[in-house]
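A quick write-up on the structure given underneath.
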Amino acid sequence: MMENFQVQELLIAIAVRQQNPSILTADFLKYTGIIPSDWELARPPVLTNTAAQVVYQNGVSIVAEVNRVIFAEAIANKEASDVQIAAIAHKYIETVKQVDYQGVGINLRGLAPYEPENLGGRNYTFSKLLQPGAWQDFGSAPVEASMRLVYTLNETQLYLDINEAQLQYPDKTTKPAVLFSANFSRAINHEEPAARLAAISAVIDKWQGDVKTLKELVNSKFLDNQSYSINTATTETLLFPAAIAG
C-alpha cells in the first residue's frame, strides 16, 4: 500500500520572449527588495552565458534562462501562509519591467512512498496503470515505464507525469516511491503587455488551488490510501529520475 501523498516542491515558470540571464544576481535580488536582505545563500551563485541560478538556505531558488525565469521552493513541512515563492515571483515581474513576459506555468512535484515490503514504483506502474502483455518481455533487463496523462479542467490543462523514484534517509536506507509531477498550463491571450502581466500575476495566485487539485486527483484516483498531507520529514532526500531531475 502507498503512504500519504506528499507535495515536495512548487515551481513557477514564467516564459519570456528573450532576456539576458546575467541580470539575475544575488546583489540585484537583495538591493531591489525582491529577496529579503537577511536571506543567506546555500551555495555560490551560478552564472553562464545562457543561465543564472541563485539558491538560498531556506529552499528557495531562482533560475534565469534566455526564454524563462523559474522560481522554486521546497514546500514540505510548510503551511500555505509560509510559502514565499509566489510573492517573490510577483515582486520580480513588477521590478524587472523591461522583459517581455509571455506566459506562466505552475509546476508541482509530489511523492507517494511505498511500504518497504512492496516492489515499489515499478510494481505500481505495471500492476495499476498498464495492461500486462508480451510487450513487457523484451531485452536483457526488465522494461521500465513512465507515463504522461493530460487532463482538461475548467480553465487549464493538467499534464501529469508518473515516474519511479526513491526516498533516501540520513542512514543511507531508501524507500521506493512514485513521483507525480504536475504542470498546470493556462493560456495567456492578452496582446497588451500590461494586461498580459496582470493575467500572469493572476495565474501565480492560483498555486494553492492547484495544490488542492493535484492532491485530490492523486489521492482519489491513484492511491489506495485516501488521506493525504503536504508534509514530510525534511531529513528525506529525493532521488528523482534523471529524465526530470533537471
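The figures that follow rest on heavy atoms only: side chains count, while hydrogens, waters and symmetry mates do not. Keep in mind it's a predicted model, so treat the numbers as computed, not measured.
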Tell me the closest heavy-atom pair linking Ile188 and Gly103, and the distance in Å. CG1-CA, 4.0 Å
Under 3.5 Å: donor-acceptor pair, side chain of Glu73, backbone of Ile85: yes
Mind checking side-chain hydrogen bond (donor to acceptor under 3.5 Å, both in side chains) for Ser81 and listing every partner two or more places apart, or none if nothing turns up? none
With a 4.5 Å cut-off on side-chain heavy atoms, are Ile23 and Gln98 touching? yes
Could you note down all residue pairs passing ring pair (Phe, Tyr, Trp, His ring centres under 6.0 Å) where residues 78-105 supplies at least one of them, sequence neighbours left out? Phe71-Tyr92
First locate atom OG of Ser201, then atom CD1 of Ile93, and finally report the distance between them rounded to the nearest 0.5 Å. 3.5 Å
Out of curiosity, does Leu29 fall in the hydrophobic cluster containing Ile70 (side-chain heavy atoms, cut-off under 4.5 Å, transitive links)? no
Test of understanding: clusters of I, L, V, M, F, W, Y form through side-chain heavy atoms closer than 4.5 Å, transitively. Do Val203 and Val16 belong to the same one? yes
Any side-chain donor paired with an acceptor under 3.5 Å for Asn183 and Ser185? no
Kindly write out the residues that satisfy side-chain contact (heavy atoms from CB on, under 4.5 Å) with Gln57, not counting sequence neighbours, or none if the list is empty. Glu40, Ala42
Counting C-beta onward and ignoring hydrogens, is there a side-chain heavy-atom pair between Val69 and Leu24 closer than 4.5 Å? no
For a quick test of reading the model, state the closest non-hydrogen atom pair linking Ala80 to Trp207 and the distance between them. O-CZ2, 3.8 Å
Would you find a donor on one side and an acceptor on the other, under 3.5 Å apart, between the side chain of Arg196 and the backbone of His190? yes
Do Val99 and Leu197 belong together in a cluster built from hydrophobic side chains that touch within less than 4.5 Å? yes
Give, for atom CG of Leu149 and atom CG of Asp161, the distance between the pair rounded to the nearest 0.5 Å. 8.5 Å
Would you call Gln157 and Leu153 a side-chain contact if the rule is heavy atoms closer than 4.5 Å? no
Within 6.0 Å of CD in Gln18, more than 12 heavy atoms from elsewhere: no
Does Glu155 come within less than 4.0 Å of Lys206, counting only side-chain N to carboxylate O? yes
Spell out, as yes or no, whether a donor-acceptor pair under 3.5 Å connects the side chain of Glu65 to the backbone of Arg68. no
Just list the side-chain donor-acceptor pairs under 3.5 Å for residues 44-54, sequence neighbours left out, or say none.
residue: Thr48; atom: OG1; partner: Thr50; partner atom: N; Å: 3.3
residue: Thr48; atom: OG1; partner: Ala51; partner atom: N; Å: 3.1
residue: Thr48; atom: OG1; partner: Ala51; partner atom: O; Å: 3.2

Test your reading of the model: is there a side-chain donor-acceptor pair from Asp82 to the backbone of Lys78, 3.5 Å cut-off? no
So, taking the atom named CZ in Arg148 and the one named OH in Tyr159, what distance separates them when rounded to the nearest 0.5 Å? 7.5 Å
Identify whether Val60 and Leu41 are in the same connected component of the hydrophobic contact network (ILVMFWY, side-chain heavy atoms under 4.5 Å). yes
What heavy-atom pair brings Ala86 and Ile12 nearest, and what distance separates the two atoms? CA-CD1, 3.8 Å
Ignoring hydrogens and geometry, is there a side-chain-to-backbone donor-acceptor pair from Ser146 to Asn163 under 3.5 Å? no
Please determine whether a side-chain nitrogen of the Lys or Arg among Arg186 and Asp210 lies less than 4.0 Å from a carboxylate oxygen of the Asp or Glu. yes
Checking Gln208 against Val83 for the side-chain contact (heavy atoms from CB on, under 4.5 Å) test, could you report, in this order, the C-alpha distance in whole Å, the side-chain angles of both residues, the deciding distance, and whether it holds? CA-CA 10 Å; Gln208 293 185 57; Val83 175; over 6 Å; no
Are the side chains of Leu108 and Phe184 in touch, meaning some heavy atoms are under 4.5 Å apart? yes
Any pair counted as ring pair (Phe, Tyr, Trp, His ring centres under 6.0 Å), so long as it reaches residues 25-50, sequence neighbours left out: Trp39-Tyr56
Going only through I, L, V, M, F, W and Y residues with side-chain contacts under 4.5 Å, is there a path from Val63 to Val96? no
Could you list the residues that satisfy salt bridge (charged side-chain N to carboxylate O under 4.0 Å, His left out) with Asp205, not counting sequence neighbours? none
Run Asp27 and Thr25 through side-chain hydrogen bond (donor to acceptor under 3.5 Å, both in side chains) and show every step you take. CA-CA 5 Å; Asp27 287 342; Thr25 67; 5.6 Å; no
Interatomic distance, CD1@Ile14 vs CD1@Ile204, rounded to 0.5 Å, equals 4.0 Å
Taking atom CG of Asn154 as the centre, does the number of heavy atoms from other residues, nucleotides or ligands within less than 6.0 Å exceed 12? no
Is Leu223 close to Val178 at the side-chain level, that is, under 4.5 Å between some pair of heavy atoms? no
Tightest non-hydrogen contact, residues Ile35 and Ile88, listed as CD1-CD1, 3.7 Å
About how many Å separate CG of Leu11 and CD1 of Ile75, when rounded to the nearest 0.5 Å? 9.5 Å
Let me confirm one number: the CG-OG1 distance from Leu217 to Thr213, rounded to the nearest 0.5 Å. 8.5 Å
Would you say the side-chain atoms of Ser22 and Asn20 include a donor-acceptor pair closer than 3.5 Å? yes
Phe222 and Phe5: aromatic ring centres closer than 6.0 Å? no
